[in-house]
Amino acid sequence: MRIGIYICHCGTNIAGTIDVQALASYCGSLPGVAVAREYKYMCSDPGQELIRQDIRDHKLDRIVVAACSPHLHDKTFRNAVALADLNPYYFHMVNLREHDSWVHVDKLAATEKAMDLVRAAVRRVKWHVPLERRQVPIHSEVLVVGGGIAGIDAALTMANAGKHVYLVEREPTIGGHMAQFDKTFPTLDCAACILTPKMTAVKGHKNITLWTYSEVQQVEGYVGNYEVKVRRKPRYVIEGLCVGCMECIQACVFKQGKTLDEFNLGLSKRKPIYIPFPQAVPPVVVIDPEACIEFKSGKCKKTCVEVCAERNAIDFKQQEEIKDIRVGAIILATGFDVFDVTRIPYYGYGLYPNVYTSLEIERLVNASGPTGGEVVLRDGRKPQTVGIAHCIGSRDANTNKYCSRVCCMYSLKLAHLIKEKTGAEVYNFYIDMRAPGKAFEEFYNHVAEEGVNFIRGKLADVYPEGNGGGRLILKAEDTLLGMIRKIPVDMLVLSAGLEPRADSNEVRRLFNIGCSGDGFFLERHPKLAPVNTFADGIYIAGCCQGPKDIPDTVAQSGAAAAQALALIDAGVVELEPNTAYVVAEACSGCKTCIALCPYSAISFTDEKKACINEVLCKGCGTCVAACPSGSIRQNLFEDQEIFEEIEGILTYA
Amino acid sequence: MKPKVAFYWCASCGGCEEAVVDLDEKILDVANAVDIVFWPVALDFKEHDVERMPDGSILASFINGAIRNSDQLKMAKLLRAKSQVVVAFGVCAQLGGIPGLANLSDAKGIFAEVFGDGVAPVRFHKENGHSLSLPEFFDTVVALDRVIDVDYYLPGCPPTPKIIGDALGALLGSELPPKGTVLAPDQALCEQCPRKDTRPEKLLLKEFKRVHQVVADQQTCLLAQGLACLGPGTRAGCEAMCIRGNMPCTGCFGPTSRVRDFGAKALSALASVIDSNDEAEIARVLEALPDPAGTFYRYSLPSSLLGRRRME
Amino acid sequence: MPEAFEPKIVAFFCNWCTYLAADLAGTSRIKYAPNTRVVRVMCSGRVDPQFVLDAFAKGADGVLIGGCHPGDCHYQEGNYKALRRFVLLKRLVRQMGIEEERLRLEWISAAEGERVKTVVNDMVEKVRALGPRVPASRKEAA
């Protein structure tokens, strides 16, 4: 056995705390170690060349590098070792940085810990055997979950690259939250104008299969080979036959809508047969079985069917459909929910009629919204004074600690639009003004110059004006003036923050990804891999990863599409050889393991032995630990290797 | 000259001597093939007879029982010196056996339990100018191979007639197995169990039952019926005698060669198939196993990784 | 005057959650007690009770198993199997005279770098108060 061991200084990151010279010299004394070196940056080209040179000159057959986390450079060094014609699995890495020098202050203790860890590695690596990475082909189709701007953009990019994309959206139409906006900051271009061409492009694209009113039900498989079940919910309208003429909506026995309209956030009502908004894609109506008389009692005149006699697109008997698809990569673009402002009751939402959320105001200012673009109070009057309260639900230890990133900018936009439409006196109550993007600061200045009032103080309280005046008093400390202000307003807009979707935990478990402390989907690395996740082949884009505006969302969806394309165009994926295997002569056929595999990778053969399918096995090792006769082993995590690590840590050489 | 063999018992119950006798007619074949030069339970040879034998003059000594006092230690060493081959006969010698459960206590604790306020043994005693002594009672019981070099192991409590017959055949035959071999198949008991096919492929348990709580069905896998059968973790060789008697395996043939700690693996297999992910529910199901050490280390405590309980 | 006792704790961390959380503690430069030694496994379900007992037998004063939160296991349910074994192993280990605080199972997600510090520091303090698992003064036959 000729082991080469390399201690990395990582500049002063490791060497500043751990005595790397003493460590290298200690390693040199360990049994089986032929070469022990310390070097400033092992991951650099000269560092890697050092290893390769030593393998050749000293005929090394095992390599240990003690440096940063294997999550960073395991592959780097395995490749370096492979280039010197030594099997890359004769390599083992020790974490002296993230787990030692960066987290401990006592240099002596840190060095002792390093000695224990390298001793463990030296003992372990002796038992390594050569392994080969398995190659499996990658399926070239892609699934995008979520049809907001992120999902739409990613789908179009990949479809244009020639890949077949399934775009699955749970609402009856694509468009997401962006379809609800009016004008977008800082350019004030109209959201619908820039979005609808993209929506149309999705509909018409030969490479995109658009499934709206559908949800992912189950995901199985692994990178390059995901098997997904998609549940298509019944609209009770046949998509291929409906042309979106909307005569049925006109003809419906309901003369007026009685159901709160979801797209307009309950500010208007819709009929049981409806289309979310006129430019919906696909332009197909939906029937709500909870509201429709035919579903409730079976006794409707069905005037909708009458007017659709020519096309006969309405089908009350329609059933849900489960579609099975196989894809190579998945992009999650499931968006966000608006913070529920009723969690802060003293702002009076739901109590006082003229307290609105920012998204509700978006619908009011929108020309195709419930008021035709007029900003009016509940009683129809135009407001003369309006308050806009920033940071509702955000930057707050009681609700969400993070900043929702977009609220300052949209609050400025709303201030501008409200002032333009009503001439009202507008007051923005803010903590800080966050305007970091391109042309953002300039927009802020512009709005300020228009005469919008800015009060630097978080809105503290809202209560009705006394003596019969119908206004609300907004109370805040103006920290620039150093005094408490009480501003009477006709209308209060709560700039609510962004939150993960209410069911994001269920959704992310379907795809086997994690979430960060705030509940948004977890990226693999905040700087270098913001769209990748820890599940290979699954990418995230847009607000499901964290609050962001449209430019950043589109940038991320492009990034996710690029990652997915890179994966698929590679054609094959290499699987890490850490699978479990049954030693057939040893197996007694007790079947303990079979129930334990979540991937059903273990089968019971005709020879009455357990057998593990190498492709399905993901290498968790649960069966290995459970096998009571020790007849299952795991590549790269053999019992012997782990026992050696334990003994190396605890017993001195 | 017939080869010489010896039998000795250390901390044991006598069941292994019975096992030799249980060879029935075959015992005569044995008696014809070998010369038994020492067998305290059956023959009148004394310790000093053994002391007088030349070293290595006994072909094979079959020593059963664990080592728990100084006399057993002395005899084990003596027989080792006089023998070419030492066979640890039965699970007490192989792993410590049931006497090994004393390692949940120590000498002081055991004497307190047994003798209470009464008269406890005294090691040395003088009476009328004569000295009497008792062997030293160790705090810790150990398996035979802790104190002497052991060549082969015969598992079982006791080893079955078949295992003994096969072992004798192997030892008297032309080619000796590699030193250190356990003379029984290296697979778990399920391999030989007549009820093997009745264990469902995906078995998960919502309850465990104790043997007195249920009259087990005679055909179905006992683990599938909720009984804590340790067959999946126990070496085969006994042809599932206990299961044929409608009782679950308790593990007396010890682990396979691939396992370092019998109890740990058996516990892992049984716990892993509990059909619950809720900690409180899991704990409730496991109440049916009131004594984990007794259940999982019944025969193997001294040779387990921890070896003994750490006393306060 | 004997040297102050510094417990040595062997920690089995699952690759996807706890190991990454420890990495995150590192990148965030969160400081904690230097008494743990991490053995990396792919999943807490890989943790064989033999490893835990071997660690104690070879001199570990404490053993910490780290896995993903219930429902979040990278391999679906490995952490639940670890939990099932742990409940029984804990009882066995108590019978063997090893105190409650020496064996611990914690769920730590990849985003919880701070929690690595709290768990490790807490465990080190508790184990320090208990003293070495095998006191230097007492050599056992084990």
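Below, chain A is the first sequence line, B the second, and so on; all start at residue 1. We use all heavy atoms of the structure for the numbers below, so side chains are in, but hydrogens, waters and symmetry mates are not.
Considering CD of Q634(A) and CG of D48(C), their distance stands at 11.5 Å, rounded to 0.5 Å. Considering NE2 of H74(C) and CZ of F534(A), their distance stands at 9.5 Å, rounded to 0.5 Å. The line from CZ of R40(C) to NE2 of H71(A) is 5.0 Å long, rounded to the nearest 0.5 Å. Considering CD1 of I30(C) and CH2 of W102(A), their distance stands at 12.5 Å, rounded to 0.5 Å. Distance check, rounded to the nearest 0.5 Å: OG of S69(A) to CG of L20(C) gives 7.0 Å.
Residue A33(C) touches chain A through its backbone alone, counting heavy-atom pairs closer than 4.5 Å. Contacts of R508(A) with chain C are made by side-chain atoms alone, with heavy-atom separations under 4.5 Å and no backbone atom involved. Only the side chain of V10(C) comes within less than 4.5 Å of a heavy atom in chain A; its backbone stays farther off. Heavy-atom distances place no part of D106(A) under 4.5 Å from chain C, backbone and side chain included. In this structure, the portion of R85(C) lying under 4.5 Å from any heavy atom of chain A is its side chain and not its backbone. The contact between L596(A) and chain C is made by backbone and side chain atoms together, counting heavy-atom distances below 4.5 Å. If you measure heavy-atom distances from C627(A) to chain C, you find no contacts under 4.5 Å at all. Both the backbone and the side chain of Y19(C) come within less than 4.5 Å of a heavy atom in chain A. Of the atoms belonging to T36(C), heavy atoms from both backbone and side chain fall under 4.5 Å from chain A.
A 4.5 Å side-chain heavy-atom check between L650(A) and K8(C) finds at least one atom pair inside the cut-off. Taking 4.5 Å as the limit, every side-chain heavy atom of D54(C) sits out of range of all side-chain heavy atoms of I642(A).
Heavy-atom proximity under 4.5 angstrom to chain C picks out K618(A), G619(A), C620(A), G621(A), T622(A) from residues 615-622 of chain A. Contacts between residues 106-127 of chain C and chain A, counted as heavy-atom pairs separated by less than 4.5 Å, involve A110(C), A111(C).
A side chain to side chain contact (heavy atoms under 4.5 Å, CB included) with R37(C) holds for exactly one of E645(A), H99(A), K113(A); it is K113(A).
Note on residues 509-519 of chain A: pairs passing side-chain hydrogen bond (donor to acceptor under 3.5 Å, both in side chains), not counting sequence neighbours, are R509(A)-D72(C), S516(A)-D518(A).
Contact count versus chain A (heavy atoms, under 4.5 Å) is highest, among C17(C), A22(C), C68(C), for A22(C). Among the candidates G71(C), A25(C), C73(C), G78(C), the residue making the largest number of heavy-atom pairs closer than 4.5 Å to chain A is G71(C). With chain A as the partner, the residue from P49(C), A55(C), C14(C) showing the most heavy-atom pairs under 4.5 Å is A55(C). When each of L24(C), N15(C), V41(C) is checked for heavy-atom pairs under 4.5 Å with chain A, N15(C) comes out on top.
Checking side-chain atoms of K81(C) against main-chain N and O of A626(A) turns up no donor-acceptor pair under 3.5 Å.
Take R46(C) and apply the salt bridge (Lys or Arg N to Asp or Glu O under 4.0 Å) test, not counting sequence neighbours, and it matches D639(A).
Within a 6.0 Å radius of NZ in K401(A), other residues, nucleotides and ligands contribute 12 heavy atoms or fewer.
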